[in-house]
Amino acid sequence: MAVSLTKGGNVSLSKEAPGLKAVLVGLGWDARATDGADFDLDASLFMLGENGKVRSDLDFIFYNNLKSADGSVVHTGDNRTGAGEGDDEAIKIDLTKVPANVARMVVSVTIHEADARRQNFGMVRNAFIRVVNQADNREIARYDLSEDASVETAMIFGEIYRSGPDWKFKAVGQGYKGGLGPLAASFGVNV
Amino acid sequence: MEITRGQKLKLPDASIGGVFDVIIDASAPGMTIDKSCFGIDADGRLSDDRYFIFYNQKASPCSSLSLADGAFKVNLSTLPPTIKRLVFVITIDGVGTMSALGQSSFRLVEAGVEKVMFPFSGSDFASEKAVMVAEVYFKDTWRLAAVGQGFTGGLSALLKHFGGQETTQVVPPPAPPVPPAPPAPTAAPKVNLSKVTLEKRGDSRKISLAKKSSSVPIHINLQWDEPNKGGEPAAKAGGFLSGLFSQKSSAVDLDLGCMYRLKSGDMGVIQPLGGYFGADSESPWIRLDKDDRTGAAADGENMYVHRPETIDLMVVFALIYSGTARFSSVNGRVSIKDGETETEIRLNNPDDGKRLCAVARIHSDGGDIRIVKDELYFTDHKACDEHYGFGFRWVAGKK
């Protein structure tokens with residue numbers, strides 16, 4: 001049974017799933033039921049060193065850079081509407097291949113053209129992030145953001161980080177002013 | 001506290017208890033905006049339509065939710081536990097879209113003190129005709145969300161959103177969006193004793209009420225042919241089962257009826273089923289003369305509209321009450337006489353298998369009324385109602 005986290009909560013992935021090697025980080029939200037522009041949410045992942053910054057711009061995994069240089073992180077592609085059951089966007093992480101100098105991987109979601117479309121996370125229903133064990137497709141942890149999402153247009157949903165030899169997952173649910181560009185810049189990406 | 005679209009808060013965090021008023025101020029020049037509240041279950045459905053509070057149903061059975069003087073009174077503590085979400089909605093009755101809204105607001109007021117205000121205006125919208133303004137919902141605790149999203153399809157789209165697929169009824173056909181009435185073929189014919197045929201769906205004709213002599217009601221007549229007269233009726237195709245079911249269908253009983261909503265807000269259904277024949281001299285000032293069970297009566301079934309100026313929307317329908325549901329076999333036709341002009345509507349695009357045909361829509365148009373040929377086929381009254389958005393409650397009936 002997956003661990004259901006609330007904002008700020010964390011769980012040891014390694015303890016929940018002993019022998020864990022690879023995870024899938026799934027992100028989902030409901031397609032817009034009302035009339036108006038679709039909700040196009042974009043998931044991104046930042047591979048960060050101990051200093052909280054990317055080692056290079058290639059550590060910014062997003063719709064225009066779907067794979068990390070070392071191949072440990074793979075973004076499975078862009079979903080433009082949120083239509084369909086289950087994960088709308090997914091990022092696969094081979095934890096055994098993540099370089100030792102990567103301490104954290106921050107997963108964020110931004111709303112594409114949020115300002116022009118006058119949208120924010122509070123208008124999106126049933127947004128979630130979940131971590132799945134790739135070996136058996138079992139969900140290890142889930143965080144439902146619905147009630148923590150409000151007028152933000154960019155949000156850090158969660159992060160996967162090292163804790164000694166283990167990997168942990170934290171439900172962050174933190175809004176960020178500005179869109180993907182400023183968010184990336186805050187992690188040291190040259191945008 | 002002022003909130004913006006998308007914002008959410010826990011009621012206790014805003015020191016709001018369980019008893020409060022919701023006041024929505026929304027208006028636009030020349031538009032009629034109705035306010036309503038949907039009490040929704042955990043699955044997002046209006047599973048109990050007594051919790052749809054609007055001008056024609058002003059209080060829920062538990063009295064926890066009511067509408068008075070334009071304000072909703074809410075008592076969360078006495079709501080049944082099945083109601084998890086109260087969605088406050090505005091809808092446009094008639095022409096116009098939400099983009100025309102002036103500065104508007106949703107206010108939550110407790111004991112006379114404004115606790116939360118959500119301002120919105122036409123610039124937040126485009127062609128929506130129904131908007132979910134805000135919702136009060138239970139998730140661990142009672143919360144408030146400023147929604148500000150809606151539907152161009154208006155109230156009927158909204159009703160669908162709140163549980164279209166919950167009934168076991170066959171879903172109505174994807175009703176072709178009723179095209180806007182074509183520009184009236186300039187100046188209604190001045191010729192008296194004229195006959196106008198509304199040939200295609202969406203064709204319409206305006207009836208000037210200024211000229212109408214008040215003593216002569218508008219006369220709506222339905223006629224059809226008894227299919228047996230021409231030999232083998234309906235059921236040819238369809239094999240064993242349809243043959244079995246159609247054995248007793250020799251007599252087709254076609255009923256004339258209407259669903260109406262008056263400008264006063266009164267609404268109802270007039271039809272032989274249930275014995276709702278209306279009234280000549282009191283609301284709704286619409287009367288049905290008789291129930292012709294076979295099509296044999298020379299003058300068919302007749303409905304008289306005495307006070308057309310009171311009509312907001314009237315949907316004239318023909319219903320196959322008994323016999324095989326085959327409109328193609330009965331050659332139905334409706335004529336609408338106003339004074340000396342007769343408007344004829346033939347059911348020339350029959351959809352066999354559906355029992356109810358919404359033949360024409362009569363709606364107010366400025367100070368006058370307009371007749372629009374719809375000829376839309378529905379499985380039953382409920383589906384028809386959902387299309388037009390009256391919001392009646394339906395139970396099975398038998399003559």
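Every chain is numbered from 1, with letters handed out A, B, ... down the list of sequences. Keep in mind that the numbers below use all heavy atoms, side chains included, and drop hydrogens, waters and symmetry copies.
Contact of B:Asp140 with chain A is not made at all, since no heavy-atom distance falls under 4.5 Å. Heavy atoms closer than 4.5 Å to chain A are found in the side chain of B:Glu128, but not in its backbone.
A salt bridge does not link B:Lys8 to A:Glu152: none of the charged nitrogens lies less than 4.0 Å from a carboxylate oxygen. Look at A:Asp144 and B:Lys139 and you find a salt bridge, because one of the NZ, NE, NH1 or NH2 atoms lies within 4.0 Å of a carboxylate O, short of that distance.
For the atom pair A:Asp35 CG and B:Phe125 CZ, the distance stands at 12.0 Å (nearest 0.5 Å). Note: B:Tyr137 OH to A:Glu147 CD = 3.5 Å, rounded to the nearest 0.5 Å.
B:Lys115 NZ: more than 12 foreign heavy atoms inside a 6.0 Å radius. Within 6.0 Å of NZ on A:Lys53 lie more than 12 heavy atoms contributed by other residues, nucleotides or ligands. Enclosure of atom NZ in B:Lys35 by more than 12 non-hydrogen atoms of other residues, nucleotides or ligands within 6.0 angstrom is indicated.
Checking side-chain atoms of B:Arg5 against main-chain N and O of A:Asn120 turns up no donor-acceptor pair under 3.5 Å.
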